[in-house]
Trainee: 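Before we start, here is the structure in question, set down as structure tokens.
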Amino acid sequence: MNAMQTKIAVVTGAGSGIGRAVAAELLRTGWSVALAGRRSEALAGTAALVPEGDSLAVRTDVSQPDDVAALFGAVRERFSRLDLLFNNAGTFGPGGVPVEELSYDAWRHVVDTNLNGAFLCAQAAYRQMKEQDPGGGRIINNGSISAHTPRPHSVAYTATKHALTGLTKSLSLDGRPYRIAVGQIDIGNAATDMTERMRSGVLQANGELAVEPVMDVADVARTVRHMAELPLEANVQFATVLATAMPYTGRG
């Protein structure tokens with residue numbers, strides 16, 4: 001990708017895990033990337049992985065409309081356009097809490113981050129992609145295997161990830177007239193801090209604890225980049241990338 005073809009991306013949740021891996025993959029392959037996340041020091045750590053890359057770190061809480069507006073304003077000021085939003089920021093919430101014991105505050109925090117935050121960022125990206133010249137762009141939402149089937153004691157996370165699938169479908173339909181392509185990647189057991197517990201045993205649907213296999217997060221990053229670099233006339237609507245032997249098909 002030469003200077004005349006440089007593409008501009010926003011990656012939310014870019015300070016760790018999948019967001020960090022995707023941001024680094026894009027930076028290494030010539031993209032300019034706005035790194036969004038709640039911790040400035042973590043964003044600086046992501047940028048340092050590719051010191052020669054063209055990155056912009058913007059401290060952002062995606063659940064806050066003013067923060068999201070400031071993020072996309074900074075992108076317009078620095079880069080003038082936007083080609084990709086990787087809508088990745090999310091939280092599992094308190095792990096292992098039965099539904100009858102889940103506090104409303106914990107439920108609301110997961111909904112505000114995973115669903116409301118994804119909507120706010122997608123809306124801001126949509127507006128910019130519709131208005132820019134040339135128009136169009138791509139949004140990739142980070143779903144989950146939990147967008148298909150839940151784990152025990154994951155009601156808030158699972159509900160938001162199911163909702164994210166509906167958001168993806170609606171955005172994809174509404175974006176057609178404006179060359180805005182919208183897809184979703186559903187990821188299972190990428191090796192990140194969030195999935196560290198998989199290696200010591202996690203609760204299964206039958207009530208047993210089991211160690212689960214994980215996959216290299218770099219494989220997820222390459223898949224996102226493939227989706228991102230398709231021409232706007234082509235779209236991966238839904239992709240599922242998972243550790244081959246994890247309990248998904250036949251889970252529970």
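Since we're looking at a predicted model, the values are computed, not measured. Basis for what follows: all heavy atoms, side chains included, without hydrogens, waters or symmetry-related copies.
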Trainee: State whether the side chain of T12 and the backbone N or O of A89 hold a donor-acceptor pair below 3.5 Å, judged by distance alone.
Mentor: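 Yes, T12 side chain to A89 backbone: donor-acceptor pair under 3.5 Å.
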Trainee: Between K169 and F238, is a side chain to side chain contact (heavy atoms under 4.5 Å, CB included) present by the stated rule, with each step listed?
Mentor: CA-CA 10 Å; K169 291 177 179 179; F238 291 97; 3.9 Å; yes
Trainee: Does R179 come within less than 4.0 Å of E233, counting only side-chain N to carboxylate O?
Mentor: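 Result for this pair is yes, salt bridge flagged.
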Trainee: Drop me the distance from T113's OG1 to F92's CZ, to the nearest 0.5 angstrom.
Mentor: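 Here the rounded value is 14.0 Å.
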Trainee: Using 4.0 Å as the upper bound for N to carboxylate O, is an ion pair formed by R108 and D105?
Mentor: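 Judged by the 4.0 Å cut-off on N to carboxylate O distance, D105 and R108 do not form a salt bridge.
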Trainee: Please collect all side-chain hydrogen bond (donor to acceptor under 3.5 Å, both in side chains) contacts where either partner lies in residues 33-47, sequence neighbours excluded, each pair once.
Mentor: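 Matches after skipping sequence neighbours: R20-T46.
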Trainee: If you define the side chain from C-beta out and look only at heavy atoms, does anything of V224 sit under 4.5 Å from I185?
Mentor: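 SC-SC contact between V224 and I185 confirmed.
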Trainee: May I ask you to decide if Y157's main-chain N or O and T160's side chain share a donor-acceptor pair within less than 3.5 Å?
Mentor: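 Looks like yes, one N/O pair under 3.5 Å.
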Trainee: Do T168 side-chain atoms and L164 backbone N/O form a donor-acceptor pair below 3.5 Å?
Mentor: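 Here the side-chain-to-backbone pair exists.
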Trainee: Within this structure, what is the CG-CD1 distance for the pair N189 and I145, rounded to the nearest 0.5 Å?
Mentor: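 Between N189 CG and I145 CD1, I get 8.0 Å after rounding to 0.5 Å.
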Trainee: Do side-chain atoms of N141 reach the backbone of Q184 as a donor and acceptor pair under 3.5 angstrom?
Mentor: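 Checked: no pair found.
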Trainee: One pair to check against side chain to side chain contact (heavy atoms under 4.5 Å, CB included): T6 and D54. What are the steps and the verdict?
Mentor: CA-CA 10 Å; T6 297; D54 183 16; 5.5 Å; no
Trainee: Counting N and O atoms only, with roles assigned by atom type, does the side chain of H162 sit under 3.5 Å from a partner on the main chain of T158, one being a donor and the other an acceptor?
Mentor: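 Yes; judged by distance alone, with no hydrogens or angles, the pair exists.
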Trainee: Would you call V75 and Q128 a side-chain contact if the rule is heavy atoms closer than 4.5 Å?
Mentor: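 Heavy-atom side-chain distance check passes, below 4.5 Å.
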Trainee: If you measure from CG on N142 to CD1 on I18, what distance do you get to the nearest 0.5 Å?
Mentor: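 Interatomic distance, N142 CG to I18 CD1, rounded to 0.5 Å: 5.0 Å.
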Trainee: For D174, does its backbone N or O pair with a side-chain atom of Y126 as donor and acceptor, under 3.5 Å?
Mentor: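 Checked: pair present.
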Trainee: Answer yes when D83 and R81 have at least one side-chain N-carboxylate O distance shorter than 4.0 Å, and no when they do not.
Mentor: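 Salt bridge flag = yes for R81 with D83.
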Trainee: Is any side-chain heavy atom of Y248 less than 4.5 Å from a side-chain heavy atom of H148?
Mentor: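 Yes. Closest side-chain heavy atoms under 4.5 Å.
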Trainee: What are the two closest non-hydrogen atoms of L35 and A23, and how far apart are they?
Mentor: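 Heavy atoms only, the tightest pair is CD2-CB, 3.5 Å.
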Trainee: State, to 0.1 Å, how close Q204 and P247 come at their nearest heavy-atom pair, and which atoms those are.
Mentor: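 Here Q204 and P247 meet closest at OE1-CG, 3.5 Å.
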Trainee: Check whether any side-chain heavy atom of V62 sits under 4.5 Å from a side-chain heavy atom of C121, and report yes or no.
Mentor: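 With C-beta onward as the side chain, the pair touches.
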Trainee: Starting at OG1 of T60, measure out to CG of L43 and round the result to the nearest 0.5 Å.
Mentor: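 Answer for the OG1-CG pair, T60 versus L43, is 7.5 Å.
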Trainee: Is the side chain of D186 donor-acceptor paired with the backbone N or O of S144 at a distance under 3.5 Å, no angle test?
Mentor: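 Yes.
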Trainee: So, for A125 and L85, which heavy atoms are closest and what is the spacing to 0.1 Å?
Mentor: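 Here A125 and L85 meet closest at CB-CD2, 3.8 Å.
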Trainee: Which heavy atom in M215 sits nearest to a heavy atom in A243, and how many Å separate them?
Mentor: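 Closest heavy-atom pair between M215 and A243: SD-N, 3.7 Å.
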Trainee: Could you give all pairs that pass the side-chain hydrogen bond (donor to acceptor under 3.5 Å, both in side chains) test and reach residues 129-138, with sequence neighbours left out?
Mentor: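 Checked against side-chain hydrogen bond (donor to acceptor under 3.5 Å, both in side chains) - neighbours excluded - the pairs reaching residues 129-138 are R138-N235.
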Trainee: Are any side-chain N or O atoms of T29 and backbone N or O atoms of L26, one a donor and one an acceptor, separated by less than 3.5 Å?
Mentor: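 Checked: pair present.
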Trainee: Which atoms form the tightest heavy-atom contact between D67 and R59, and what is the distance?
Mentor: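 The pair with the smallest heavy-atom distance is OD2-NH2, 2.9 Å.
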Trainee: So how far is it from I180 CD1 to L173 CG, rounded to the nearest 0.5 Å?
Mentor: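 So the CD1 of I180 and the CG of L173 are separated by 12.0 Å.
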Trainee: Under a 3.5 Å distance rule, please check whether S154 uses its side chain to pair with a backbone N or O of R151 as donor and acceptor.
Mentor: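 At least one qualifying donor-acceptor pair exists.
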Trainee: For a 4.5 angstrom cut-off between non-hydrogen side-chain atoms, does L102 reach P94?
Mentor: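 Counting from C-beta outward, L102 and P94 do come under 4.5 Å.
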Trainee: Should side-chain heavy atoms under 4.5 Å link Ile, Leu, Val, Met, Phe, Trp and Tyr, which residues sit in the same cluster as L203?
Mentor: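 ILVMFWY cluster around L203 also holds L209.
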Trainee: How close do M227 and I140 get, heavy atom to heavy atom, and via which atoms?
Mentor: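 Reported closest heavy-atom pair: CB-CD1, 3.7 Å.
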